[in-house]
Amino acid sequence: GRAAEMAGHTDNAVVIDAPMDLVWSMTNDIPGWTNLFSEYSASEVLNTRDGVITLRLALHPDENGKVWDWISERTPDEATKTVRSQRVQTGPFKYMWIYWEYTEVDGGVRMRWVQDFEMKQVAPIDDAAMTTRLNTNTALQQQLIKDKIEALARVRSTV
C-alpha cells in the first residue's frame, strides 16, 4: 500500500580490496568503530546474549552541541557473512533496520548495507530527506572504511 511506498530504503555497496577475514573482523569490531567510521564519538558493546550484540552508538556533537546516541541490536552470522541490525532505541525513527552482506567478488569483498526505516511524524525531517542524507553519508563512510581496511591489508601483505 501507500504507507510501504513512503518508507525509506537505501541500498549501498563498496568493493574492498582485502581478504574476507580482515574485512569481516574489522567491520564487526564494534569498539573499533570510532576509528573506522568518522561519525561515531562512542561505540560500546553493552552485552552479548545468544549471538545478539546490544550496543550503544553516539555521534559527534552536532552544530548545537547535542550528542545523538541510541541503542542497537546486531546479529552477525559469520557462516553466511551477513549481519542483521535494528535500533532498539529508535530516536527520530519509527523503526530502523540494517542488513549487511559481504560477498567475495573480483577485486575483493563487496560490502553492502541495506537500510529500511520510517521517520516519526515529529522527526525534523521526512523519509525522503533522510533517504538522501543516508545515501550521502553511507557512501562517504563506506569509502572511508574501504580506504582504512585496504591500507591495513597492504601493510599486512608486505610483512
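Hydrogens, waters and symmetry mates are skipped; everything else that's a heavy atom, side chains included, is used.
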side-chain contact (heavy atoms from CB on, under 4.5 Å) between F117 and M130: does it pass, once the steps are laid out? CA-CA 9 Å; F117 64 92; M130 182 54 87; 3.5 Å; yes

Calculate, to the nearest 0.5 Å, the distance between atoms OG1 and CZ belonging to T82 and R112 respectively. 11.5 Å

Nearest-0.5 Å distance, CD1 of residue I145 to CG of residue L140: 10.0 Å

Are S38 and Q141 linked by a side-chain donor-acceptor pair shorter than 3.5 Å? yes

Check whether the ring centres of Y99 and W97 lie less than 6.0 Å apart, and answer yes or no. no

Distance-only donor-acceptor check, side chains D77 and T80, under 3.5 Å: yes

Between V67 and P61, the two heavy atoms sitting closest are CG2-CG, 3.8 Å

Under 3.5 Å, side chain of D127 to main-chain N/O of M119, donor-acceptor pair present? yes

Does the plane of the ring in W113 sit parallel, tilted or perpendicular to the ring in W100? Use 30° and 60° as the thresholds. tilted

Looking only at heavy atoms, what is the nearest atom pair of K120 and G91, with distance? NZ-O, 2.7 Å

Quick one about N12 and Q142 (side-chain donor to acceptor, distance below 3.5 Å, no hydrogens or angles considered), yes or no? no

Joint cluster assignment, L55 & V52, ILVMFWY side-chain distance < 4.5 Å: no

Please tell me whether I16 and L152 are part of a single hydrophobic cluster in this structure, the criterion being side-chain heavy atoms less than 4.5 Å apart. yes

Using side-chain heavy atoms (C-beta onward) and a distance below 4.5 Å, is I30 in contact with I53? yes

Quiz question: by atom type and distance under 3.5 Å, do the side chains of S85 and E73 form a donor-acceptor pair? no

Is there a path from L36 to M20 through hydrophobic residues (I, L, V, M, F, W, Y) whose side chains come within less than 4.5 Å of each other? yes

From CA spacing to verdict: side-chain contact (heavy atoms from CB on, under 4.5 Å), R110, E101: CA-CA 8 Å; R110 182 173 182 264; E101 178 184 62; 4.2 Å; yes

CG (N64) with more than 12 external heavy atoms under 6.0 Å: yes

Please determine whether side-chain contact (heavy atoms from CB on, under 4.5 Å) holds for the pair R87 and Y95, giving the CA-CA distance in whole Å, both sets of side-chain angles, and the decisive distance to 0.1 Å. CA-CA 7 Å; R87 286 200 189 200; Y95 61 87; over 6 Å; no

For the pair Q115 (side chain) and I98 (backbone), establish whether a donor and an acceptor sit closer than 3.5 Å, ignoring hydrogens and angles. no

CG/D21 to CE/M26 distance, rounded to the nearest 0.5 angstrom? 11.5 Å

Can you say whether the rings of W70 and Y40 are parallel (under 30°), tilted (30 to 60°) or perpendicular (over 60°)? perpendicular

Write down the atom of A18, the atom of V23, and the distance for their closest heavy-atom approach. CB-CG2, 3.9 Å

Which residues pass the side-chain hydrogen bond (donor to acceptor under 3.5 Å, both in side chains) test with R74, sequence neighbours left out? N28

Name of the residue among T138, T131, N137 meeting side-chain contact (heavy atoms from CB on, under 4.5 Å) with N135: T131

When you group the ILVMFWY residues by side-chain heavy-atom contacts below 4.5 Å and let the links chain together, are W33 and L59 in the same group? yes

Taking all non-hydrogen atoms of both residues into account, name the closest pair between V45 and P31 and its distance. CG2-CD, 4.3 Å

Do T90 and M96 touch side chain to side chain, with heavy atoms closer than 4.5 Å? no

Does K148 use its side chain to pair, donor to acceptor, with the backbone of N35 at less than 3.5 Å? yes

To the nearest 0.5 Å, how far apart are OG1 in T75 and CG in D50? 10.0 Å

Do V15 and W24 share a hydrophobic cluster, counting only Ile, Leu, Val, Met, Phe, Trp and Tyr and linking them when any side-chain heavy atoms are less than 4.5 Å apart? no

Let's go through I71 and T54 carefully: what are the C-alpha distance in whole Å and the side-chain angles of both, what is the deciding distance for side-chain contact (heavy atoms from CB on, under 4.5 Å) to 0.1 Å, and is it a yes or a no? CA-CA 7 Å; I71 307 288; T54 304; 3.6 Å; yes

Hey, could you give me the CZ/CD distance between F93 and Q86, rounded to the nearest 0.5 Å? 13.5 Å

Between V109 and P19, the two heavy atoms sitting closest are CG2-C, 4.2 Å

